[in-house]
S.K.: 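Input: one structure, supplied below.
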Amino acid sequence: MFPYPSGNIHMGHVRNYVIGDICARYHKLKGDEVIHPMGWDAFGLPAENAAIQFQTHPKDWTLSNIENMKEQLQKLELDLDWHRELATCNEDYYRFQQELFIDLYNKGLAYKKDALVNWDPVDQTVLANEQVIDGKGWRTGAQVEKKNLSQWFFKITDYAEELLKGLDDLELWPEKVKTMQRNWIGKSTGAEIKFWIPKINRFLNIFTTRPDTIYGATFIAVSINHKIVADSLDKKSIEKIRNNFNLVNDEKEKLGIKLDLSCKHPILDKEIPVYVANFVLDTYGEGAIFGCPAHDERDFEFANKYSLPIIKVIECKDEELPYTGDGKLINSPKLNGLKKDEAIKKIIEYFNDSGAGKEKINYKIRDWGVSRQRYWGCPIPVIYYEDGSYRVLDKSELPVLLPYDVNLEGKGNALLNKKNWREVICTKTKKAALRETDTLDTFVDSSWYYIRFLNNKFDKPFDPKEVNKFLPVDKYIGGIEHAILHLLYSRFFMKALRDIYDLKVDEPFKQLFTQGMITHKTYKTSKNEWVMPKDVVSKDGLLISKKTSEIIQEGPSEKMSKSKKNVVEPDEILENYGIDATRIFVISDSPPDRELEWTDEGIQGSKNLTHRIERYFSRKGGQIDLDTKKSVEKFVSDIEKNILNFSLNKCVADIYTLFNYLEKRMVFLQNNELSKKILTCLFPILPKLTTDLYTTLFKTSNFKMWPSIDRKLLIVDKLKLPIQIQGKLVTTIDTKKGYSEKEILNSIYKLDKVKNKIVDKKIVKVINVQNKIINIIIN
RNA sequence: GGCGUUGUGGCGGAAUGGUAGACGCGCCGGAUUCAAAAUCCGGUGAGGGCAACUUCGUGAGAGUUCGAGUCUCUCCAGCGCUACCA
């Protein structure tokens, strides 16, 4: 995943990109065609905030950050395709995004509507549902407000089913991410039932997953934003109710107001009351429910509070109420005796016939709101006429450039005040018009950058031939924090573009690898001030501050963060330990998908390993025999397997194992062909060191291809065969592969350890798993 | 509450159903050094034994199997996501 140019590379970036770099270098050595790009997710709010704070311009701030971070990445000597570099804030990127917007619009996948949207009062912009966490803005943490605004949306809901189904085929994605996406899409199967309201002469549509409990329905509840509320109460009363709802302290407390309406029960000859209730979500289903208190916890609570009847329709004990499990239907003439699933099937059939309802699938996912009331983003290519109508521009009218000269100090979106940019004459109608001042959510930028990487100079967004040839991305590496946002949006984009451009690609990322975060111990003074690790020294068993000599308390290891100051700077680490040691350490201590604790001992140990390898190749002597060749061959095979599995921590273990073995036997390979093999396999992990050593030993820095493995050398004939009695290990014996069971048993029975155990016993059975184990069963 | 995921030495972690603890860190001995760092050699799951050796041991309990860290079920704990989703 490409980074946001915040100013500096941090250790998380280093880990992310080193993992990718090792893969890329390995595949290049294998002769594979590798695309290993880098770019910048360069639009977004921090630039605007920084611009105001530091009296600069978002563009200048962003571009200078990019320059700085690029320099830092280059210090890491990552093998990146810099010719593919892109920044989403540059015209040559976002103009093509405007084309894609037009494509989406023409395909009916972008539309504008009035909607109750999430408003972040601090960032002064709308947020997508995915960007609201616990009712708070994902960046600011501010309580999100509801506002009714006219907004652009992408119709991700059209793809809900495909996005859900597609997850099953993403075998190389972590289960965790797939689960999160499944939950977010939130498919449920049930029925939509029509309830007739005689007084206003209309139906109320209600979605339920439990149509089998229809006979137990004793009330209806709708959301405060439901149409029938607006139709039956005046604005003042609605506001009053809304305020009452907002006053509730306990989020789960149920509140309801009875409307002067009642609904006909769709089967029984009775009417049930209609409430406005605070627990009914207006964004799910149609914003209305029927309450079956006997078999739903919320309905039960509500019914008790407002003394509504509770009718049991599934067999259970009274004290079990509300009972939500399966059971035999009762008190339900058409369904009595049936179990839940049968009852659901039957009642839906009945509704189909009577016209009172039908089977319905419902999704939690909502359309993606992409309008942002901010300056630093991709302008939406739309103009508005004085009568309020709008026109989406033609591609020939692009690009709509983001003006540079704006006043960011004012209130709201700076584009609103940029008159000479905003006011235009429509080229088609010659009428006066105003440009759309909202910009696109930055997640739109990142939803297709991997496509643009294929050809960042192309004069259209992409070349379908290249897309079909190279996509999906084989290996995609990044943090898990994008499990829903970026990774879901990108999947949607890929599918939408597939349908617009008739592409052959269904998914953007074939394999997803989520790397773990980097943690570090935290340090605090007695005044609760955070202290950076580099400012802490150990003295007489105490930790003290280098600067002030205050005593420092050590806290738990937590994710590196500027606020807790428990960070180490990549620049300093590179300076002190070098590229290779840094690379080794970020992959060595933990599997790459788990968290890694940064420690001084750890990075020092990695440094020592690089010295040791250097030293090894400077020494001479020893006899190269078959065992040496075999150990090198095994090394090649293990490293390869572990790189392919992202088990990079095991690669480091393989390195230690190899050198432990060679040094123990005092075999120093020097400029032997075996050294070539070893150095080639080490190259993806330790590019700098191995290049130097290779040059010294072989007078060239041109690595050959990744060595092909001689399978014969991987065969191990010598064998320590475990001998079990009753499945418990008794001893091991040295033998060779392909031993004869009969002969080996004879010798086993002579062993004291075995004799002692089987004396006076009868051997019932001997299980010989050839070359693996022998298990003797006695009675 | 729901879903997912993880539980293995002092620590990070290895183990296609077949010798649990590879490899590293730390620690303990020793060599080298005036001394330290670095380096090198040896040891290091727990209990018992002078020893050969022996018993126990992968969160708990059951099951499948000749054999379970690994598969199944039921719990427990941590982590993550989600949460009035009808």
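In what follows, chains carry the letters A, B, and so on, assigned in the order in which the sequence lines appear, proteins first and then strands, with residues in each chain numbered from 1.
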S.K.: Mind checking whether Phe195(A) and Phe203(A) have ring centres under 6.0 Å apart?
M.R.: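 No, too far apart.
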
S.K.: Nearest to the side chain of Ile773(A), heavy atoms from C-beta on, is which of rG18(B), rA86(B), rC23(B)?
M.R.: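 Nearest listed nucleotide: rG18(B).
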
S.K.: Strictly below 4.0 Å, heavy-atom distances to any atom of RNA chain B: list the hits from residues 174-187 of chain A, or just say none.
M.R.: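 By residue number: Glu175(A), Lys176(A), Thr179(A), Met180(A).
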
S.K.: Using Watson-Crick and G-U wobble pairs whose two distances are both under 3.5 Å, how do you write the pairing of RNA chain B as dot-bracket, with | for links to another strand?
M.R.: (((((((..(((.....[....)))((((((.......))))))((((....))))..(((((..]....))))))))))))....

S.K.: When you measure from the side chain of Val769(A), which nucleotide among rA86(B), rG18(B), rU19(B) comes out closest?
M.R.: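 Out of rA86(B), rG18(B), rU19(B), the nucleotide with an atom closest to Val769(A)'s side chain is rG18(B).
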
S.K.: Not counting sequence neighbours, list each pair that qualifies as a salt bridge (Lys or Arg N to Asp or Glu O under 4.0 Å) and has a residue in residues 726-739 of chain A.
M.R.: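 Listed once each, the pairs are Lys720(A)-Asp734(A).
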
S.K.: In whole angstroms, how far is the P atom of rU5(B) from the CD atom of Glu595(A)?
M.R.: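 For the pair Glu595(A) CD and rU5(B) P, the rounded distance is 19 Å.
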
S.K.: Taking atom types as they are modelled, is there a donor-acceptor pair under 3.5 Å from the base of rC84(B) to the side chain of Lys254(A)?
M.R.: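 By the distance-only test, yes, there is a pair.
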
S.K.: If you measure from OG on Ser188(A) to CG on Asn362(A), what distance do you get to the nearest 0.5 Å?
M.R.: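 Between Ser188(A) OG and Asn362(A) CG, I get 5.5 Å after rounding to 0.5 Å.
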
S.K.: Kindly state each residue pair satisfying side chain to side chain donor-acceptor pair (under 3.5 Å) with at least one member in residues 592-602 of chain A, sequence neighbours excluded.
M.R.: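 Every pair satisfying side chain to side chain donor-acceptor pair (under 3.5 Å) with a residue in residues 592-602 of chain A: Ser557(A)-Glu597(A).
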
S.K.: Closest to the Leu729(A) side chain: rC23(B), rG13(B), rA20(B)?
M.R.: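 Shortest atom-to-atom distance from the side chain points to rA20(B).
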
S.K.: Under 6.0 Å from the NZ atom of Lys358(A), do we count more than 12 heavy atoms belonging to anything else shown?
M.R.: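 No, not enclosed.
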
S.K.: Can you name the residues that form a side-chain contact (heavy atoms from CB on, under 4.5 Å) with Lys753(A), not counting sequence neighbours?
M.R.: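 Only Val730(A), Thr731(A) meet the side-chain contact (heavy atoms from CB on, under 4.5 Å) criterion with Lys753(A).
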
S.K.: When you compare rA14(B) with rG24(B), how far apart are their C1' atoms, in angstrom units rounded to a whole number?
M.R.: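 That atom pair is separated by 11 Å.
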
S.K.: Is there a side-chain contact between Asn660(A) and the phosphate of rG24(B), meaning an N or O under 4.0 Å from OP1 or OP2?
M.R.: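 Looking at the OP1 and OP2 atoms of rG24(B), one of them is under 4.0 Å from a side-chain N or O of Asn660(A).
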
S.K.: Assign a letter to each nucleotide of nucleotides 38-57 of chain B from its 5' end: B, base within under 4.0 Å of a protein heavy atom; S, sugar-phosphate only; -, no contact.
M.R.: -SS-S-------------S-

S.K.: Are OP1 or OP2 of rA86(B) and a side-chain N or O of Tyr284(A) less than 4.0 angstrom apart?
M.R.: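 Affirmative; the distance criterion is met.
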
S.K.: Using atom P of each nucleotide, how far apart are rC56(B) and rA77(B) to the nearest Å?
M.R.: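 Between the two P atoms, the distance is 30 Å.
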
S.K.: Kindly point out which of rC23(B), rA14(B), rU19(B) is positioned nearest to the side chain of Ala653(A)?
M.R.: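 The answer is rC23(B).
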
S.K.: Say we look at rC27(B) and rC11(B): how far apart would their P atoms be, to the nearest angstrom?
M.R.: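 These two P atoms come out 15 Å apart once rounded.
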
S.K.: Which part of the nucleic acid, if any, lies within reach of Ile777(A) when heavy atoms closer than 4.0 Å are counted: base, sugar-phosphate only, or nothing?
M.R.: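 Sugar-phosphate, no base atom in range.
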
S.K.: May I ask you to check if Lys254(A) and Phe279(A) form a cation-pi contact, with NZ or CZ under 6.0 angstrom from the six-membered ring centre and within 45° of the axis?
M.R.: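 Yes, Lys254(A) and Phe279(A) form such a contact.
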
S.K.: Using only side-chain N and O atoms of Lys650(A), determine if any of them is under 4.0 Å from OP1 or OP2 of rA15(B).
M.R.: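 Indeed, a polar side-chain atom of Lys650(A) lies that close.
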
